[in-house]
Structures are given as structure tokens and as C-alpha cells.
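Take a look at the structure below.
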Amino acid sequence: MSLEDELLKQRWTRIREIEELGHRAYGKRFDFTHSIPRIVAEYGSKTAEELSPELKVRIAGRVKTIRSKGKAGFAHLAQNGEQLQIYVRSDAVSANDFRLFQILDIGDVVGAEGYLFRTRTGELSVHVERLEFLSKTLFSMPEKWHGLEDVEMRYRQRYLDLIANPDSRKVFVTRSKIIASFRRQLEERGFIEVETPMMQPLYGGATARPFITHHNALDIDLYLRIAPELYLKRLVVGGLERVYEINRNFRNEGLGFKYNPEFTMLEFYQAYTDYRGLMDLSAELLKQVALDATGGTEVEWNGARLDFGSLRRFSMREAVIEFWEGADRPTLDNVRDPQWLKRHSSKASSGEALAEIFERVAESQLGQPTIIYDFPVETSPLSKNKADEPELVERFEIFAGGMEIGNAYTELNDPQEQRRRFETQIGMRERGDEEAHQMDEDYVRALCYGMPPTGGEGIGIDRLTMLLTGSRTIRDVILFPLLRPEGEIGVAERLRALEP
RNA sequence: GGGCCGGUAGCUCAGGCGGUAGAGCAUUUGCCUUUUAAGCAAAGGGUCGCGGGUUCGAGUCCCGCCCGGCUCACCA
């Protein structure tokens with residue numbers, strides 16, 4: 001028999017022994033008096049004297065370590081990312097409970113009742129008087145010292161990662177704080193949270209290839225949304241002047257350190273403002289999110305310190321000049337000049353050329369949180385033109401850590417212009433651009449009823465979480481990132497084999 | 001999709017020159033009533049990712065495949 005099966009059989013056999021000792025292998029409700037984190041916080045710094053008179057506690061947690069010393073022993077229980085030691089001695093508990101302690105496996109979930117004390121070496125511990133068995137682990141836990149290192153297993157069996165690697169747990173706690181911070185800040189400013197379709201008959205609001213699915217009853221193909229944008233703006237037309245949505249977008253594209261096919265986006269729309277207003281709002285939101293998530297505005301990322309307390313601002317043209325490397329640094333006249341742009345890019349139009357040059361020259365250097373504004377109209381089918389420079393639109397993106405983390409603009413609310421933009425996109429599609437927008441007449445119809453001047457913005461929650469948690473890959477901030485299916489697992493077969 | 005790297009005990013990793021497969025943790029047994037990567041003594045545990053091939057002999061060499069990581073191209 002393989003070791004793995006031997007261990008499984010051993011634990012399976014142990015279930016009966018646990019039951020013979022008067023416990024259930026898969027126990028019932030257990031009302032603890034204190035969570036382990038609360039005990040650590042409240043009593044972690046108390047001296048031995050301050051812990052008397054005896055404080056009785058009932059705690060519960062997963063067994064992390066066991067150190068048996070004959071007629072006594074120690075174990076660590078973990079709950080919510082914190083650990084507390086228990087001390088079990090044969091003359092302090094019933095014979096059955098001591099036997100139970102002796103047959104505990106690392107990974108079992110137990111409850112313990114006793115009083116707080118400090119050991120000779122000074123560690124805050126529970127002097128156990130009663131044990132209660134709560135749940136049996138049948139498989140062995142990852143190694144105690146190194147944790148779970150196998151990257152594939154960390155993603156496929158995230159629960160093991162969360163049990164074994166406290167840092168991984170912290171990442172997801174921080175992610176939750178980031179989202180909570182956005183919600184709180186937006187609610188304070190009068191935004192309401194809405195939910196718009198994830199399955200859409202037409203996809204739009206971004207340039208990307210969609211996933212396609214099918215609805216049987218209606219017998220229609222639907223697209224998983226690539227963005228909620230067009231629906232959110234319909235709501236602004238309807239008088240929901242400040243709306244936001246935090247939810248998944250789906251894009252049928254490659255995987256990479258900053259790409260997962262489903263990712264979480266915050267989008268918010270505010271009537272009667274424009275992209276300048278959103279720049280200021282973005283700076284406030286990001287600063288406070290960093291504070292709420294990490295306690296400060298500065299984070300270490302990829303060896304650099306990023307400060308979310310202030311956002312640098314460059315126009316796209318300025319950024320090309322600012323971050324140009326090598327000789328022939330262009331002038332402002334150069335980056336405005338169609339001939340110069342044509343010489344430095346293979347793109348057809350001046351606008352696409354500028355965007356392409358910017359991405360090549362500047363994007364990877366935008367480590368510090370930076371706003372890049374005034375984008376070419378060709379790459380922005382839903383943004384309003386600048387009044388004095390119609391080849392540009394009132395749009396900005398937020399970059400940090402060399403990644404785009406936000407995208408915002410003054411929304412185009414002129415239905416006639418919107419129709420022309422869609423038709424331009426259709427032309428691009430006919431020339432082979434698969435990602436060009438489709439015509440969305442229902443959206444144009446909504447604009448025909450009049451949308452107030454509006455600013456809208458999207459912030460990539462996953463990437464922002466990467467930055468605020470020091471994660472080098474998006475898979476470390478998504479609980480269950482997309483992986484190929486792993487094939488035969490064989491657990492059912494192994495469990496079946498245990499039964500008589 | 002291309003290139004590079006990896007898959008060895010439940011976990012973390014050695015081995016690589018082709019010649020009976022190793023360590024630590026974990027597990028089992030014994031001793032141990034304030035230990036903490038507890039300690040001491042002993043034991044068990046492996047289709048070396050999968051499938052072919054070369055060879056007297058393959059974890060090791062060759063070919064194909066699977067899974068993963070990094071990276072390039074496309075993409076937020």
C-alpha cells in the first residue's frame with residue numbers, strides 16, 4: 001500500500017476511536033467565548049501575573065502543530081490567521097480527552113476549554129480542561145516549515161494555500177479591504193451600487209474578444225460582458241446620476257502575469273462632471289484605498305516604492321517626450337506632426353500611431369502612480385472630443401507598476417457623434433480589426449433621450465490589489481485563477497475503498 | 001502559439017557520470033508533565049508526470065504527450 005493510502009486508512013480507522021471516546025468525528029456547533037485573534041490581541045502582552053485570576057476561555061481552531069511529551073503535550077490551534085498554543089496534561093483532563101489529544105492529527109479541527117496562562121518560556125497558552133473534537137482531516141497537511149510551495153497546488157487547492165501560507169490569506173483579506181474601501185467611499189459620495197447584465201446580446205464598452213454562450217429557451221447566442229459601461233450609462237440617462245458596479249468582466253484572451261480571462265472591475269459614473277473632475281476623485285479614492293488596505297500610502301512593488309498619496313499627471317504627448325529614451329527626443333511639435341508620427345509607427349492613423357508610440361516608449365516606465373490624459377480619438381470610441389483639439393478626447397488612464405489600472409473619460413453624450421463613431425468602428429472591423437466596436441443602436445437610442453454631461457471611470461481591482469499586496473502575478477490575487485482541468489482526481493475511488 | 005525551465009515519499013527538496021532511490025518535516029512504535037522547526041531510539045513509506053524507444057540494465061540518454069512556471073507575441 002502506498003504511504004498516501006496508509007495515512008488515509010490510519011485516519012479513517014481513527015474516526016472510530018474518536019467516536020469510542022465519546023466524540024463525533026464531524027462534530028456539532030461549538031460556541032467559543034473568544035476567537036483566537038481576539039485572545040492574541042487582548043492577552044498577548046499580558047504578564048503571567050496579569051493573567052490571574054484564571055480566565056476561562058473556550059476556543060476552536062485547526063491543529064497546526066503537536067508536541068507530545070509523554071503524559072503532557074502542546075499543540076497550536078489556528079483560527080482566522082492567528083495561532084494559540086494549548087497545553088494538555090493527563091492530570092488536568094479526563095482520560096478520554098487525553099487519549100483524544102494523543103490521537104489528534106495535524107489538520108484536525110478541535111475545540112478546547114481551559115484557562116489562559118503563560119508557559120515557562122513565556123508563550124501565552126490555554127491550560128486545557130476539556131477537549132471537543134469538531135472535524136477530522138483525512139489527508140495530511142502541507143509541511144509546517146516551508147508551507148505549501150507547489151504553485152499549481154496553491155491555485156488548484158486554494159484552501160490548502162490559505163491554511164498553510166499566512167501571507168496568502170493576508171492578500172485576500174487586503175483585497176476585501178480594497179473593495180470595501182471603494183464601496184464606502186463611493187457610498188459616502190452618493191453613489192449607488194447597481195448590477196447590470198453579465199450576459200449581453202451585444203458586447204461593448206471595451207475593445208476585446210468576448211466569450212460566447214447560448215440561451216436555450218430564447219435560442220439566442222449571448223456574450224459574456226467585456227464591460228458594463230454601456231448599461232451603466234443607460235442608467236445615467238435614467239436619472240441614476242451616480243452609479244457604480246463592482247463585478248466581473250470576461251475577455252477571451254491570453255493569460256499572463258496581469259491577465260486573467262475573468263477579472264474584477266469597478267466602474268462608476270457621475271453625472272455633471274468631466275474627466276478633470278474624475279482625476280481629482282481618482283486621486284482621493286486611490287489614496288484612501290491604499291490607507292484602508294495597507295495603513296499607508298506607500299507600497300513596495302518590484303523593488304520600487306510607489307506612493308498612492310499623489311498621482312503624477314502627463315498628457316499622452318508629454319509622456320512620449322518625458323519618457324523618450326535615446327537620441328532625437330521629440331518636441332511637442334513633433335508629437336503633433338502626422339509626418340513624425342508616421343515615421344515612428346506603422347499604424348495607419350496619427351492617433352493610433354501616437355497611442356502605439358506611447359505604449360512602446362512610456363508605459364513600462366510608469367511605476368509611480370501616474371495619470372496619462374488626452375488620448376487620440378481613434379482609440380476611444382465612447383469618449384467626448386476635446387473642444388479645442390477634436391483629434392483628441394477627454395480621456396485618461398491611470399498607470400502604476402508599469403500596468404494600466406484605470407481608465408476614465410468624459411462620456412460622449414451626443415447621439416449623432418456616437419453614431420458616427422460606431423460607424424467608424426464598423427469600418428475598422430471590416431478592415432480586419434476583430435476588436436472594434438459593434439453598433440449598439442439601443443445605446444444610441446438611450447443617448448437620444450439626453451444623457452447629462454458625465455464622467456465615467458473603470459478601475460481594475462485585481463491589478464490594484466497586486467500593487468497593494470506586492471503580488472507579482474494576478475493569480476496570487478484571484479482565489480481561483482483559470483487553469484487547465486487537472487483530469488482524474490480519484491478521491492471518490494479512494495473513499496469508496498475505505499468502506500466495507 | 002514560440003522559446004526557456006520544471007514535475008523524484010503526504011509536504012519541502014537533494015541525486016543526474018546509465019549499475020539495488022536519499023534527507024528533513026509528516027506517519028508508526030518506545031521514553032519523556034512548561035515544549036515550540038521539542039529531544040532521543042527504532043520502523044514503515046516511491047509505477048522518479050505519462051507513453052514509446054536505445055541498452056544486458058533507464059529516475060538518469062532519445063522521441064512523443066500531459067501539467068505547471070517564466071518569457072515573447074495579442075490583450076485591462
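Note on naming: letters A, B, ... go to the chains in the order of the sequence lines (proteins, then strands), and numbering restarts at 1 for each one.
Proximity note for Glu143(A) (side chain, C-beta onward) versus G68(B), U33(B), C25(B): the nearest is C25(B). Here the side chain of Glu253(A) is nearest to one of C75(B), U33(B), G10(B), namely C75(B). When distances are taken from the side chain of Arg14(A) to each of U28(B), U35(B), U33(B), the shortest belongs to U28(B). Proximity note for Ser125(A) (side chain, C-beta onward) versus A37(B), U35(B), U34(B): the nearest is U35(B). The side chain of Gln10(A) has U28(B) as its nearest neighbour among U33(B), U28(B), A76(B). The listed nucleotides are U27(B), A76(B), C13(B); the one nearest the side chain of Glu149(A) is C13(B). Out of C11(B), A76(B), G10(B), the shortest distance to the side chain of Pro142(A) is found at C11(B).
Nearest-nucleotide mapping onto RNA chain B: of Ile106(A) and Gly70(A), the residue sitting toward the 5' end is Ile106(A). Toward the 5' end of RNA chain B, the nearer of the two residues Thr65(A) and His127(A), judged by each one's closest nucleotide, is His127(A).
Glycosidic torsion of C66(B) falls outside 90° of 0, placing the base in anti.
The phosphate of A76(B) has neither OP1 nor OP2 within less than 4.0 Å of any side-chain N or O from Arg463(A). Using a 4.0 Å cut-off, some side-chain N or O of Thr207(A) falls inside it from OP1 or OP2 of A76(B). Arg484(A) has a side-chain polar atom (N or O) that falls below the 4.0 Å cut-off from OP1 or OP2 of G68(B). Applying the 4.0 Å criterion to OP1 and OP2 of U34(B), one finds that Arg67(A) has every side-chain N and O outside that range. In this model, the phosphate group of U35(B) is not approached by any side-chain N or O of Gln85(A) to a distance below 4.0 Å at OP1 or OP2. One finds no side-chain N or O of Arg154(A) lying less than 4.0 angstrom from the OP1 or OP2 phosphate oxygen of C11(B). Residue Arg120(A) has a polar side-chain atom (N or O) positioned under 4.0 Å from OP1 or OP2 of U35(B).
Between Ile59(A) atom CD1 and Glu132(A) atom CD the span is 12.5 Å, to the nearest 0.5 Å. Separation of atoms CE (Met403(A)) and CZ (Phe257(A)) is listed at 6.5 Å; rounding is to 0.5 Å.
Taking atom CG of Leu124(A) as the reference point, atom C1' of U34(B) lies 13 Å away to the nearest angstrom. Between the CZ atom of Arg209(A) and the P atom of C75(B) there is a distance of 10 Å, rounded to whole Å. Put simply, OH on Tyr115(A) is 13 Å from P on U34(B), counting in whole angstrom units. Taking atom CD of Glu356(A) as the reference point, atom P of A73(B) lies 12 Å away to the nearest angstrom. The nearest whole Å value for the distance from the CD1 atom in Ile405(A) to the P atom in C75(B) is 20 Å. Nucleotide C70(B) holds its P atom 8 Å from the CZ atom of Arg472(A), rounded to whole Å. Atom CZ in Phe257(A) sits about 14 Å away from atom C1' in A73(B), given to the nearest Å. Following rounding to the nearest Å, Arg225(A) (CZ) and A76(B) (P) show an atom-to-atom distance of 16 Å.
Base engagement by Glu123(A) is indicated by at least one non-hydrogen atom pair under 4.0 Å involving a base atom. Arg156(A) comes within 4.0 angstrom of sugar-phosphate atoms only, judged by non-hydrogen atoms across all strands, and of no base. Counting any heavy atom pair closer than 4.0 Å across all strands shown, Gly73(A) reaches no nucleic acid atom. Nucleic acid contact for Phe263(A): base, since at least one base atom lies under 4.0 Å from a heavy atom of the residue. Among the heavy atoms of the strands lying under 4.0 Å from Met153(A) are primed sugar atoms or P, OP1, OP2 only; no base atom is included. Residue-level contact check: Asp150(A) touches the backbone only, with heavy atoms under 4.0 Å from sugar-phosphate atoms and none from bases.
Between G51(B) and C13(B), the distance separating the two P atoms is 25 Å to the nearest Å. Taking atom P in both G64(B) and A41(B), the straight-line distance is 50 Å, to the nearest Å. Comparing the P positions of G24(B) and U60(B) gives a spacing of 26 Å, expressed to the nearest Å. The same atom, P, is picked in A26(B) and in C11(B); the two are 15 Å apart, to the nearest Å. As rounded to the nearest Å, G57(B) and G18(B) have C1' atoms that lie 8 Å from one another. Rounded to whole Å, the separation between the C1' atoms of G10(B) and G1(B) comes to 36 Å. For the C1' atom pair drawn from A43(B) and U47(B), the interatomic distance equals 24 Å after rounding to whole Å. Rounded to the nearest Å, the gap between the P atom of G16(B) and that of G22(B) is 14 Å.
Side chains of Phe172(A) and Thr465(A) form no contact here, defined as non-hydrogen atoms less than 4.5 Å apart. At a threshold of 4.5 Å between non-hydrogen side-chain atoms, the residues Ile103(A) and Leu21(A) count as touching.
Pairing for G6(B) is with C67(B), a Watson-Crick or G-U wobble pair whose two hydrogen-bonding atom distances lie under 3.5 Å. Figure legend. G16(B) is base-paired to no nucleotide; pairs are counted as Watson-Crick or G-U wobble with both atom distances under 3.5 Å. U35(B): no Watson-Crick or G-U partner with both key distances under 3.5 Å is found in any strand.
Stacking of Tyr259(A) onto the six-membered ring of A76(B) is not present when judged by under 5.5 angstrom between centres and under 30° between planes.
Heavy atoms of other residues, nucleotides or ligands lying less than 6.0 angstrom from CD of Glu195(A) number 12 at most.
Ionic pairing of Glu19(A) and Arg16(A) is not present here: no N-O contact between side-chain nitrogen and carboxylate oxygen is shorter than 4.0 angstrom.
When all heavy atoms are compared, the tightest approach of Phe308(A) to Ala290(A) is CB-CB, 3.8 Å. The two residues Ala78(A) and Gln83(A) come nearest to each other via the heavy atoms CB-CG, 4.1 Å.
Relative to the ring axis of Phe358(A), Arg317(A) does not place its NZ or CZ within 45° and under 6.0 Å from the centre.
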